[in-house]
There are 2 protein chains.
Amino acid sequence: MKPKITLKDIAKELDVSISTVSKALKNSKEISKETKDKIKAFAKFYNYRPNNIALSLKNKRTKNIGVVIPDIVHHFFTTVFRGIEKYANEMGYNVIVCISDESFDKEVINMEMLANGSIDGFILSLSAETQKKNDFTHLKELLDQGIPIVLFDRISAEIECDKVVLNDFEIAREAVSHFIATGSKKIALITTERYFNVSESRKEGYVAALKTNEIEVDNRLILTLPHDRDNTNLITEFFQHNEIEAILCVNEMFAVQCMSIIQQLGYAVPEDISIIGFTDGILSRYSSPKLSTIAQHGEKMGELAAKLLINRMESVQMVEEPFKTEVINATLIKRGSTIN
Amino acid sequence: MKPKITLKDIAKELDVSISTVSKALKNSKEISKETKDKIKAFAKFYNYRPNNIALSLKNKRTKNIGVVIPDIVHHFFTTVFRGIEKYANEMGYNVIVCISDESFDKEVINMEMLANGSIDGFILSLSAETQKKNDFTHLKELLDQGIPIVLFDRISAEIECDKVVLNDFEIAREAVSHFIATGSKKIALITTERYFNVSESRKEGYVAALKTNEIEVDNRLILTLPHDRDNTNLITEFFQHNEIEAILCVNEMFAVQCMSIIQQLGYAVPEDISIIGFTDGILSRYSSPKLSTIAQHGEKMGELAAKLLINRMESVQMVEEPFKTEVINATLIKRGSTIN
DNA sequence: TTGTATGCGTTATCAT
DNA sequence: ATGATAACGCATACAA
């Protein structure tokens with residue numbers, strides 16, 4: 001067992017002062033070559049590394065980024081996280097992750113915990129509960145304290161900070177337009193009550209595409225499903241009671257579930273019914289036929305969020321620059337579940 | 001903008017000494033009730049929170065755990081991570097994640113970075129490259145410095161530390177035995193060259209089951225696939241050239257791919273060919289038929305790893321207790337891709 | 001060229 | 001009951 005060595009240890013051992021050691025290791029030209037060589041050799045031999053905590057205390061910056069996401073076992077968040085981690089790491093930052101688990105309290109507690117010096121800034125996507133409550137005081141207080149925050153995907157207009165979002169409206173409209181262009185008129189939307197801002201935009205895009213093409217919006221064709229429960233019966237009923245030619249789903253679980261159910265009901269995909277799902281994850285790639293999807297480019301989103309945050313943290317006066325909202329353009333990936 | 005308040009600020013404002021403030025906020029009985037009340041009220045009003053970094057420096061413990069995993073976009077690691085995060089959080093620890101991306105260098109660099117004071121201990125699963133190189137000096141050095149490490153899943157006997165593993169051997173044997181019990185004799189193993197220790201154990205379990213049942217091991221029925229490449233042709237050829245009644249796959253991607261290909265080749269699952277895959281992820285649950293799987297209980301594994309680590313970090317003399325290797329029992333989940 | 005002193009925010013020990 | 005001081009590990013302005 002050989003514990004970590006400090007500047008003090010080196011200084012004592014070599015009979016010089018701590019500051020001499022510090023300067024020598026920074027290659028300061030104040031120090032004579034001989035002394036520097038001696039100290040460097042010693043430090044190298046004992047594998048000296050400066051203590052991050054001490055540096056953080058001194059510099060008032062930790063080089064840690066706090067990431068708070070609602071869920072990690074979810075393809076989209078996972079890829080975003082990878083993007084964040086990758087970029088942050090390249091820039092010399094570490095990433096501390098907290099999972100809010102869709103809970104407001106957890107989000108608040110975790111963020112306050114980290115905000116007491118552990119991190120220099122946050123990247124987060126709002127929990128379902130937070131969106132439902134519409135209570136953002138915890139975020140506002142952090143911003144007030146001068147801690148920069150970047151929101152992604154699940155954002156709120158009430159919070160003044162940098163943001164990264166998907167062009168949900170446009171891509172939903174594009175998807176529905178594709179359905180219409182390939183001959184469908186009776187188009188269903190399978191959505192969830194949880195991802196408020198995003199599913200709202202997607203719904204608006206869906207509606208917009210219908211209106212542009214002079215198709216009446218039929219609310220019976222919009223199915224709102226509870227998350228994380230077995231929806232099989234709800235979905236089955238839905239398709240039994242409605243005549244449908246195309247389906248837009250707000251996530252890939254719904255999409256693959258729908259496909260499976262309508263196939264069992266005897267319909268052919270995409271001949272009888274076309275399907276497009278949000279999130280281009282593995283579920284979509286391994287189904288048969290392969291699902292046409294909307295790729296959200298999570299990794300890119302994560303990278304961009306990290307870039308925005310680090311830029312702001314490293315800019316001399318964080319106050320100066322106005323807050324930006326960057327938009328990631330989703331891509332419609334046409335595969336086997338649509339007529340292309 | 002109201003920046004964080006410190007003990008010093010409070011002291012100055014209330015015209016008392018820093019140590020009085022510190023003691024008052026800790027409810028020390030050295031301090032008079034009046035002073036305590038005054039200080040507490042002030043601190044509460046200004047939302048004082050002790051600075052984590054300063055505490056870390058003083059206490060020589062950060063309450064941070066470093067987690068290094070090869071990949072995050074992978075159901076198994078994701079669930080393990082969730083288990084770690086959950087338990088760690090409950091115990092007041094934060095989690096810093098680094099993704100080694102299967103690279104030895106990244107693993108080393110990230111760990112050395114974190115080891116300089118940022119974390120109190122590590123939980124990790126070895127990268128593919130590290131396993132291939134069989135070079136564990138970075139881990140040994142950290143252990144030598146007194147930094148506790150818990151390895152999970154991808155471990156090595158060479159490293160002396162706490163470990164958490166799956167009973168890969170037994171569960172593979174159980175799966176193959178199930179195939180045999182339900183009438184299969186020509187049993188294939190689809191494996192990968194990368195996850196060394198685990199796939200080795202799984203292979204041994206496969207072999208053991210065959211031997212117990214006096215079935216000769218036919219190496220032509222063992223297909224080793226490269227990871228992360230398109231294996232469709234390899235798999236197709238494999239099934240065209242071999243007569244097979246059952247397949248054990250070391251991950252769910254292989255399993256669902258195999259199923260899809262053999263269905264296209266005109267075989268019925270499970271009537272003609274049965275399939276079991278390792279990892280009980282969403283791919284398996286959304287395929288048709290639903291895949292029979294081996295649940296690895298990743299979350300439990302993560303929790304246990306975190307528990308082992310925290311126990312060791314918090315025990316007064318870490319040196320005392322001998323290292324443990326805990327075994328998580330996998331579960332064979334029989335669904336639609338096997339005859340049950 | 002080298003060393004001393006100070007401070008980052010906190011706590012603990014030892015005065016007063 | 002309250003305060004001064006040292007220490008955690010490091011960097012830096014300022015002395016010598």
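Residue numbering restarts at 1 for every chain, and letters A, B, ... go by the order of the sequence lines. Keep in mind that this is a model prediction, so the values were computed, not measured. The basis for the numbers below is simple: all heavy atoms, side chains too, and nothing from hydrogens, waters or symmetry mates.
Side chains of Ser19(B) and Ser22(B): a donor-acceptor N/O pair is absent below 3.5 angstrom, by distance only.
Using a 4.0 Å heavy-atom distance criterion, Ser19(A) is classed as a base contact. Contact annotation for Thr35(A): backbone-only contact, meaning every heavy-atom pair under 4.0 Å involves sugar-phosphate atoms and none involves a base. Among the heavy atoms of the strands lying under 4.0 Å from Lys23(B) is at least one base atom, whether or not backbone atoms are also near. Heavy atoms of Leu57(B) sit under 4.0 angstrom from at least one base atom. Residue Lys60(A) is in sugar-phosphate contact alone, with no base atom involved, counting any heavy-atom pair closer than 4.0 Å across all strands shown. Among the heavy atoms of the strands, none lies under 4.0 Å from Lys33(B). Within 4.0 Å (heavy atoms only), Thr6(A) reaches sugar-phosphate atoms of the nucleic acid but no base atom. Nucleic acid contact for Lys8(B): sugar-phosphate only, since backbone atoms but no base atoms lie under 4.0 Å from a heavy atom of the residue.
Side-chain atoms of Met111(A) and Leu124(A), non-hydrogen and from C-beta on, do get closer than 4.5 Å to each other. A heavy-atom distance below 4.5 Å is found between the side chains of Ile310(B) and Ile65(B).
Contact annotation: Lys26(A) side-chain N/O to dA11(D) OP1/OP2 distance is under 4.0 Å.
Regarding Ile39(B), its CD1 atom lies at a distance of 13 Å from the P atom of dT11(C), rounded to whole Å. The CG-C1' distance, from Leu7(A) to dA7(D), rounds to 15 Å in whole Å. Atom CG of Asn51(A) is separated from atom C1' of dG9(D) by 6 Å (rounded to the nearest Å). Between the CG atom of Leu14(A) and the P atom of dT2(C) there is a distance of 12 Å, given to the nearest Å. The nearest whole Å value for the distance from the CD1 atom in Ile31(A) to the C1' atom in dA11(D) is 13 Å. Ile53(A) places its CD1 atom 16 Å from the C1' atom of dA7(D), with the value rounded to the nearest Å. Note: NZ (Lys29(A)) to P (dT2(C)) measures 16 Å, nearest angstrom. Rounded to whole angstrom, the span from the CG atom of Leu25(A) across to the P atom of dT12(D) amounts to 13 Å.
Comparing dG3(D), dT11(C), dC10(D) against the side chain of Leu55(B) picks out dT11(C) as the nearest. The listed nucleotides are dG3(D), dC10(D), dG9(C); the one nearest the side chain of Thr20(B) is dG3(D). Listed nucleotides dT11(C), dA1(D), dC10(D) differ in distance to Ser32(B); the shortest reach to its side chain belongs to dA1(D).
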*Does the side-chain hydrogen bond (donor to acceptor under 3.5 Å, both in side chains) test come out yes or no for Glu102(B) and Ser127(B), once each step is laid out?*
CA-CA 4 Å; Glu102(B) 304 289 12; Ser127(B) 82; 5.1 Å; no
_Intermediate values then yes/no, salt bridge (charged side-chain N to carboxylate O under 4.0 Å, His left out), Lys140(B) and Glu158(B)_ = CA-CA 9 Å; Lys140(B) 289 177 183 161; Glu158(B) 281 193 40; 3.4 Å; yes
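Ionic pairing of Arg312(A) and Asp162(A) is present here: one or more N-O contacts between side-chain nitrogen and carboxylate oxygen are shorter than 4.0 angstrom.
In terms of position along DNA chain C, the nucleotide closest to Tyr48(B) lies nearer the 5' end than the nucleotide closest to the other residue of the pair Glu30(B) and Tyr48(B).
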